[in-house]
Asker: 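Got a structure for you, written out below as structure tokens; questions coming shortly.
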Number of protein chains: 2
Amino acid sequence: MSPRYVDREKKRQKIVRAALALFSRQGYAATSVGCIAIEAEVGKGTIYEYFSTKGDILVAAVMEWIRKLEMRYLKHLETIEDPVERLKAFVEMSMDLVDPLDQGTARLSIDVLQHTLLQSGALYKRRHLMKEIHTGMRKMVINILLEGISSGAFRPEVAREAEKIAINLLGYLDGISLHYLISENDFDIREQIRFSLQNVIRMIAADPAAGTDSVSATPGF
Amino acid sequence: MSPRYVDREKKRQKIVRAALALFSRQGYAATSVGCIAIEAEVGKGTIYEYFSTKGDILVAAVMEWIRKLEMRYLKHLETIEDPVERLKAFVEMSMDLVDPLDQGTARLSIDVLQHTLLQSGALYKRRHLMKEIHTGMRKMVINILLEGISSGAFRPEVAREAEKIAINLLGYLDGISLHYLISENDFDIREQIRFSLQNVIRMIAADPAAGTDSVSATPGF
DNA sequence: GCGCAAACCGACTGATGGGTCAGTTCCGGC
DNA sequence: GCCGGAACTGACCCATCAGTCGGTTTGCGC
């Protein structure tokens with residue numbers, strides 16, 4: 001009575017990773033459980049030893065994806081001292097997700113949206129997870145702002161509006177990225193974001209000149 | 001030899017409307033052609049007298065949806081003279097699509113995104129249509145800006161950046177709306193947009209006081 | 001009222017794919 | 001070496017649904 005040993009957590013990971021790869025390549029709907037099994041090099045039945053429904057695989061895959069992204073953000077940001085540069089870095093990382101036109105990110109995002117908003121979606125009953133992710137990102141931005149205030153880089157009054165600024169910034173980044181994906185190369189997303197960020201920084205910076213190079217008096221969003 | 005007469009265009013409309021209602025209520029994937037037939041009060045076979053695939057129905061429904069939206073925008077905007085008010089009205093209309101938490105709009109938008117971005121999507125081969133829609137909206141905003149400049153409400157330098165401003169504004173509106181739908185009531189979208197718009201207006205207005213009520217010196221996005 | 005073709009219909013088909021389960025393999029302990 | 005049970009497997013089951021097709025209804029012209 002000593003059963004065969006196997007690192008279940010590791011195998012689970014393998015399945016999740018395979019699923020994530022396929023979801024981002026083909027989308028959730030177009031990926032069958034059989035496909036995932038092949039990609040993960042296990043039998044289809046085995047999948048169901050680790051997950052009870054296809055939807056559960058999606059949930060696990062999405063959490064894995066987000067977790068990695070967050071780690072990347074945090075790791076990169078903590079190497080940067082200057083608050084203004086930090087804010088720029090944050091924005092740039094978001095851009096990097098889509099700018100070398102990466103439809104994988106888009107496909108994942110859209111599947112997440114769909115399954116969060118549809119009653120029949122796999123994430124619908126776990127909307128709180130999505131909320132928490134947003135809250136996490138929001139806190140990241142708020143932190144940058146508050147630390148910028150502490151260091152004197154941003155104006156103290158910013159504190160009062162930090163949350164609003166964060167919410168708007170995150171909304172903007174997602175929105176412009178989506179539009180970019182649809183419009184393909186119709187506009188230069190980096191220039192758009194630079195333009196926008198420049199204005200944000202000019203508004204929140206203690207030193208009005210902080211708005212980087214070529215600070216024309218151009219108005220902006 | 002005189003066949004039975006029927007207003008094909010009208011019946012087609014009926015099907016499209018039924019489909020649109022169901023798509024916005026349940027999403028495209030969860031809506032079967034049989035369902036559409038019932039909602040439209042026709043036989044399933046009849047549907048295929050008017051459309052050759054389910055995807056074609058989606059295309060028609062989306063175009064109908066957008067057409068109506070655009071009409072509503074144009075009709076409402078032309079009643080407003082003042083450029084600042086016009087810009088505000090434009091933004092407010094966008095908000096009205098989601099604020100009394102309307103997930104129908106979201107479901108439609110997401111289906112559109114999905115089918116535009118996925119190779120297997122019904123709109124993939126007609127991405128140009130989606131682009132054109134974006135271009136149309138963009139032109140609407142640019143027009144407001146340019147007319148505002150003509151009338152002296154906005155600063156002349158705005159002209160140079162009008163397109164960038166429009167692109168960013170539209171991206172922002174879509175993004176913040178999506179976040180709002182996911183976060184449910186986590187933030188006050190109207191306040192967020194008011195905050196953002198206030199700053200935009202302050203930047204582009206010729207008269208710095210145009211930024212409406214309570215123009216604190218708060219920075220913003 | 002009759003002929004005819006357009007319009008309509010819903011039962012049927014074929015394919016797809018999520019989920020199951022009976023059987024097999026594997027491994028550690030004795 | 002053989003027992004037990006966990007781990008694994010893929011053929012199978014079954015629900016769903018897009019799309020088809022043979023048959024029916026409708027209403028205009030004569």
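Source: prediction; values computed, not measured.
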Asker: Could you tell me if B:Asp174 and A:His179 have a donor-acceptor pair between their side chains, going purely by distance under 3.5 Å?
Answerer: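 Distance-only check passes for A:His179 and B:Asp174.
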Asker: So which pairs with a foot in residues 24-49 of chain B pass ring-ring contact (aromatic ring centres under 6.0 Å, His included), sequence neighbours left out?
Answerer: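 Qualifying pairs: B:Phe23-B:Tyr28, B:Tyr28-B:His115.
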Asker: Just to be sure I understand the geometry, which residues of residues 38-56 of chain B put a non-hydrogen atom under 4.0 Å away from DNA chain C?
Answerer: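 Those residues are B:Val42, B:Gly43, B:Lys44, B:Gly45, B:Thr46, B:Glu49, B:Tyr50.
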Asker: Could you tell me the separation between the CG atom of B:Leu58 and the P atom of D:dA18, rounded to a whole number of Å?
Answerer: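 Answer to the nearest Å: 12 Å.
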Asker: Taking 4.0 angstrom as the limit, do A:Arg67 and A:Glu70 come out as a salt bridge?
Answerer: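 Looking at A:Arg67 and A:Glu70, the cut-off is not met.
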Asker: Using heavy atoms and a sub-4.0 Å distance, could you list which residues of residues 18-36 of chain B are near DNA chain C? By number, please.
Answerer: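 By residue number: none to list.
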Asker: Just checking, B:Arg86 and B:Phe90: is the charged tip under 6.0 Å from the six-membered ring centre and within 45° of the axis?
Answerer: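 No, B:Arg86 does not lie over the aromatic ring of B:Phe90.
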Asker: Give the minimum heavy-atom separation between B:Pro83 and B:Ile144, together with the two atoms involved.
Answerer: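 Heavy atoms of B:Pro83 and B:Ile144 come nearest at O-CG2, 3.9 Å.
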Asker: Using a strict 4.0 Å threshold on nitrogen-to-oxygen distance, state whether B:Arg126 and B:Asp56 make a salt bridge.
Answerer: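 Looking at B:Arg126 and B:Asp56, the cut-off is met.
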Asker: Are the charged groups of B:Lys88 and B:Glu92 less than 4.0 angstrom apart, N to O?
Answerer: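 Result for this pair is no, no salt bridge flagged.
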Asker: Angle between the end axes of the helix from C:dG1-D:dC30 to C:dC30-D:dG1, five pairs per end, to the nearest 10 degrees?
Answerer: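 Taking five pairs per end, the axes differ by 10°.
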Asker: Tell me the interatomic distance from B:Lys14, atom NZ, to C:dA7, atom P, rounded to whole angstroms.
Answerer: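 About 16 Å, once rounded to whole Å.
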Asker: Check this for me, if you would: do A:Lys11 and A:Glu49 make a salt bridge, where the nitrogen-to-carboxylate-oxygen distance has to be below 4.0 angstrom?
Answerer: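 Judged by the 4.0 Å cut-off on N to carboxylate O distance, A:Lys11 and A:Glu49 do not form a salt bridge.
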Asker: Can you list every side chain to side chain donor-acceptor pair (under 3.5 Å) pair that touches residues 72-83 of chain A, not counting sequence neighbours?
Answerer: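 Checked against side chain to side chain donor-acceptor pair (under 3.5 Å) - neighbours excluded - the pairs reaching residues 72-83 of chain A are A:Tyr73-A:Ser94.
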Asker: Could you check how far CD1 of B:Ile15 sits from P of C:dC8, rounded to whole Å?
Answerer: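 Rounded to whole Å, this separation is 8 Å.
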Asker: Using the side-chain contact (heavy atoms from CB on, under 4.5 Å) criterion, which residues pair with B:Leu181? Sequence neighbours excluded.
Answerer: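 B:Leu181: side-chain contact (heavy atoms from CB on, under 4.5 Å) contacts with A:Leu117, B:Val98, B:Leu101, B:Gln103, B:Ala106.
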